[in-house]
Structure formats: C-alpha cells, structure tokens
Amino acid sequence: MSKLLCTFSGKFGHVLWSLPTVRQISKNEHTKVDMGIMPQYKSLLPLLQMQPYIDTAFTINDWELQGSPFGDQPWQPPVRIEEQYSKCYHLTYRRHPCVNEALIDFTAWQQGITLEEPVVPFIDCAKAETWYTTNETFEDKPYYNHIAISFNELYAGEKLRFTNILRDQLKDIGIIDANKIEWTKAAVVIKHATAFVGCRSSNFVLAHGVGQKNIFIMEPHPARNAYGHFGYTFGNPHWKDVN
C-alpha cells in the first residue's frame with residue numbers, strides 16, 4: 001500500500017472527474033497513491049486499479065452516505081482510515097460548484113492544485129483485442145466500425161426516441177450501449193469507437209477520460225446542457241465535445 005491516500009465518495013461520474021487530480025497528486029508527490037471510495041461504487045474498483053498512478057483502490061466500507069447535495073456526503077470518510085497513511089487528500093466537494101467551475105478543475109482547486117496539460121486522457125484501459133457485438137454479447141472479433149452510446153434515466157422518453165432514430169439511420173454501423181457493460185470493458189469500447197453519443201452522465205466522463213475525440217452530446221436536462229445553468233460545470237474545458 002501507498003503512504004498517500006486520495007478519497008472521493010461518489011457518484012460514479014464524480015469519482016471519474018476526480019482522477020486528473022489524483023494523477024496530479026501522484027505526480028507532485030513522486031509516488032503512486034491509494035484511492036478509497038464509498039461501497040456503493042465498488043464496481044469502479046477494477047477500472048481504478050488499472051490506472052498507473054493508483055497503487056491500491058478499495059472501498060471504505062463504513063463511509064456511509066448521508067445525502068447528495070453536492071457529490072455524495074459526508075466529504076470526509078471515517079477518521080480511522082487516516083491513521084494508516086502519512087498524508088490524505090479528501091477530494092469530495094466541500095460546497096456546490098459555481099456555474100463557472102467545471103468539476104474537473106473544481107476538485108483540484110479545492111486542494112490548491114493546478115492540473116498540468118495535457119489533462120486528457122487521464123484513464124488507461126485495455127487494448128482493443130475483444131469487442132462487444134451489436135447484440136451486446138462478448139465475442140472474440142476483430143475491430144469493426146461502431147458508435148458507443150450512453151444515457152442515464154433522466155428524460156428517458158426523449159432519449160429513447162433519439163436512440164431509436166439513431167439506430168434507424170445507422171443500420172450499417174454497430175451501436176453499443178456502454179451502460180450495459182462493466183467499466184473496464186466500457187472504457188475499451190468507448191475509446192476505440194468512431195464516436196461517443198450520450199448525455200452528460202458517467203460514461204460521458206469516461207469518454208473524456210480515455211481521450212475519445214468525437215463526443216456528441218444529446219442532453220435534454222435544462223441545467224446540464226450547453227445553455228443551462230450548469231452546462232459549463234458538467235463539461236470539460238480541457239477537451240472538446242459537440243452538442
């Protein structure tokens with residue numbers, strides 16, 4: 001285990017947005033760091049463990065969720081975890097980000113850290129040796145042209161209508177729903193896709209993390225789209241995407 005600990009409570013996308021800060025801490029301290037998260041987000045551990053700047057990723061099982069006013073709270077895990085480390089960085093938000101504060105930078109700013117460019121990519125994944133086919137069964141097949149999509153449950157009706165139109169218009173191109181596969185495989189599928197199409201949910205963060213160059217947003221949530229109150233907050237000033 002490392003002597004340094006980074007923690008972030010959740011949710012999934014917020015944990016992923018914190019990784020540039022985790023990487024920068026590792027670089028600044030000249031060592032890998034451990035990373036602890038809430039148990040609700042255990043499925044992220046294999047992806048976190050793959051990152052070259054993380055030594056050990058684990059859940060802090062007695063870090064109990066009390067609410068999510070701005071990221072999952074409380075921001076600080078049980079004090080006993082700190083006793084095992086020489087230095088701890090608790091990265092969860094202390095307050096709600098303002099409209100001109102992107103989550104990716106806000107996490108670093110709270111720690112007095114500036115992210116060094118290039119910030120993207122900040123998530124490593126496996127090589128494209130196996131792929132999910134269009135019917136979401138995992139088989140050994142060579143790379144083929146596909147688009148990765150991902151939408152959360154908000155405004156589900158509008159998103160379903162959009163994806164049905166997309167599938168109808170792109171009948172000759174594989175469309176893979178990244179929501180239906182686990183994180184490490186979703187990272188591969190999104191990284192090597194022709195494009196990522198989705199709302200500003202956790203797989204949107206994953207698309208930025210792996211450096212997907214073609215990110216197209218279909219975000220009907222009025223606060224999260226480009227014209228909404230927090231459109232900038234849920235975006236990434238270090239990368240480009242298209243609405």
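Using a 30° and 60° split on the angle between ring planes, Phe12 and Trp183 fall in the tilted class, from 30° to 60°. Taking the six-membered ring where the residue is Trp, Phe8 and His14 present parallel rings, their angle staying beneath 30° rather than reaching 60°. Note: His208 and Trp17 have tilted aromatic rings, judged against thresholds of 30 and 60 degrees for the angle between ring planes.
Glu101 and Tyr93 form no side-chain donor-acceptor contact under 3.5 Å, judged by distance and modelled atom types alone. Of the N and O atoms on the side chains of Asn61 and Thr59, at least one donor lies less than 3.5 Å from an acceptor on the other residue. Using modelled atom types, one finds a donor on one side chain and an acceptor on the other under 3.5 Å when comparing Lys11 with Ser68. Between the side chains of Gln111 and His90, not a single donor N or O lies within less than 3.5 Å of an accepting N or O.
To the nearest 0.5 Å, atom NZ of residue Lys191 and atom CG of residue Asp124 are 8.0 Å apart. If you take NZ on Lys3 and CD on Gln84, they are separated by 14.5 Å, rounding to the nearest 0.5 Å. The OG1 atom of Thr163 sits 8.5 Å away from the CG atom of Asp177 when rounded to the nearest 0.5 Å.
Nearest heavy-atom pair, Trp63 versus Ser9, reported as atom, atom and distance to 0.1 Å: CH2-N, 3.4 Å. Nearest heavy-atom pair, Pro97 versus Leu103, reported as atom, atom and distance to 0.1 Å: CG-CD2, 3.5 Å. In terms of heavy atoms, Gln73 sits closest to Thr92 at NE2-CG2, 3.7 Å. Residue Asp105 comes nearest to Pro237 through the heavy atom pair OD2-CG, 3.4 Å, listed as atom of the first residue, atom of the second, then distance. For Ile104 against Thr21, the heavy-atom pair with the smallest separation is O-OG1, 4.2 Å. The shortest heavy-atom contact between Ala187 and Cys125 is CB-CB, 3.7 Å.
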Let me have the donor-acceptor pairs involving side chains of residues 34-42, under 3.5 Å, with sequence neighbours excluded, atom names and distances please.
{"from": "Asp34", "atom 1": "OD1", "to": "Ser2", "atom 2": "N", "distance (Å)": "3.2"}
{"from": "Asp34", "atom 1": "OD1", "to": "Thr56", "atom 2": "N", "distance (Å)": "3.2"}
{"from": "Asp34", "atom 1": "OD2", "to": "Ser2", "atom 2": "N", "distance (Å)": "3.3"}
{"from": "Asp34", "atom 1": "OD2", "to": "Tyr85", "atom 2": "OH", "distance (Å)": "2.7"}
{"from": "Tyr41", "atom 1": "OH", "to": "Asp72", "atom 2": "OD2", "distance (Å)": "2.3"}

Step-by-step side chain to side chain contact (heavy atoms under 4.5 Å, CB included) determination, Arg200 to Ile217: CA-CA 7 Å; Arg200 284 176 165 166; Ile217 304 171; 3.5 Å; yes

Check against side-chain hydrogen bond (donor to acceptor under 3.5 Å, both in side chains), His192 and Gln212: CA-CA 8 Å; His192 297 285; Gln212 169 56 248; over 6 Å; no

side-chain hydrogen bond (donor to acceptor under 3.5 Å, both in side chains) between Ser26 and Gln24, intermediate numbers included: CA-CA 5 Å; Ser26 172; Gln24 192 65 54; over 6 Å; no

Evaluation steps, side chain to side chain contact (heavy atoms under 4.5 Å, CB included), between Gln51 and Ile123: CA-CA 7 Å; Gln51 305 316 306; Ile123 293 175; 3.8 Å; yes

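Taking a cutoff of 4.0 Å between a charged side-chain nitrogen and a carboxylate oxygen, Glu153 and Lys159 do not qualify as a salt bridge.
By the 6.0 Å and 45° rule, Arg224 stacks over the aromatic ring of Phe234.
Checking side-chain atoms of Ser150 against main-chain N and O of Cys199 turns up no donor-acceptor pair under 3.5 Å. No donor-acceptor pair closer than 3.5 Å links the side chain of His238 to the backbone N or O of Pro121.
Contact of the Thr184 side chain with the Met50 side chain is registered, since non-hydrogen atoms from C-beta on lie closer than 4.5 Å. In this structure, the side chains of Leu48 and Leu19 come closer than 4.5 Å at one or more pairs of heavy atoms. Proximity of Phe162 to Ile149: side-chain heavy atoms (C-beta onward) are nowhere separated by under 4.5 Å. Using a 4.5 Å cut-off on side-chain heavy atoms (C-beta onward), Arg95 and Phe106 make contact. The side-chain heavy atoms of Ile60 and Asp62, taken from C-beta on, include a pair separated by under 4.5 Å. A 4.5 Å side-chain heavy-atom check between Lys32 and Tyr53 finds every atom pair outside the cut-off. Put simply, the side chain of Asn203 reaches to within 4.5 Å of the side chain of Phe196, judged on heavy atoms. Looking at heavy atoms from C-beta onward, Leu45 lies out of side-chain contact with Leu47 at the 4.5 angstrom threshold.
Residue Gln49 places its CD atom among more than 12 non-hydrogen atoms of other residues, nucleotides or ligands, all under 6.0 Å distant.
Taking the ring pair (Phe, Tyr, Trp, His ring centres under 6.0 Å) definition, one finds that Tyr155 meets it with His221, sequence neighbours left out.
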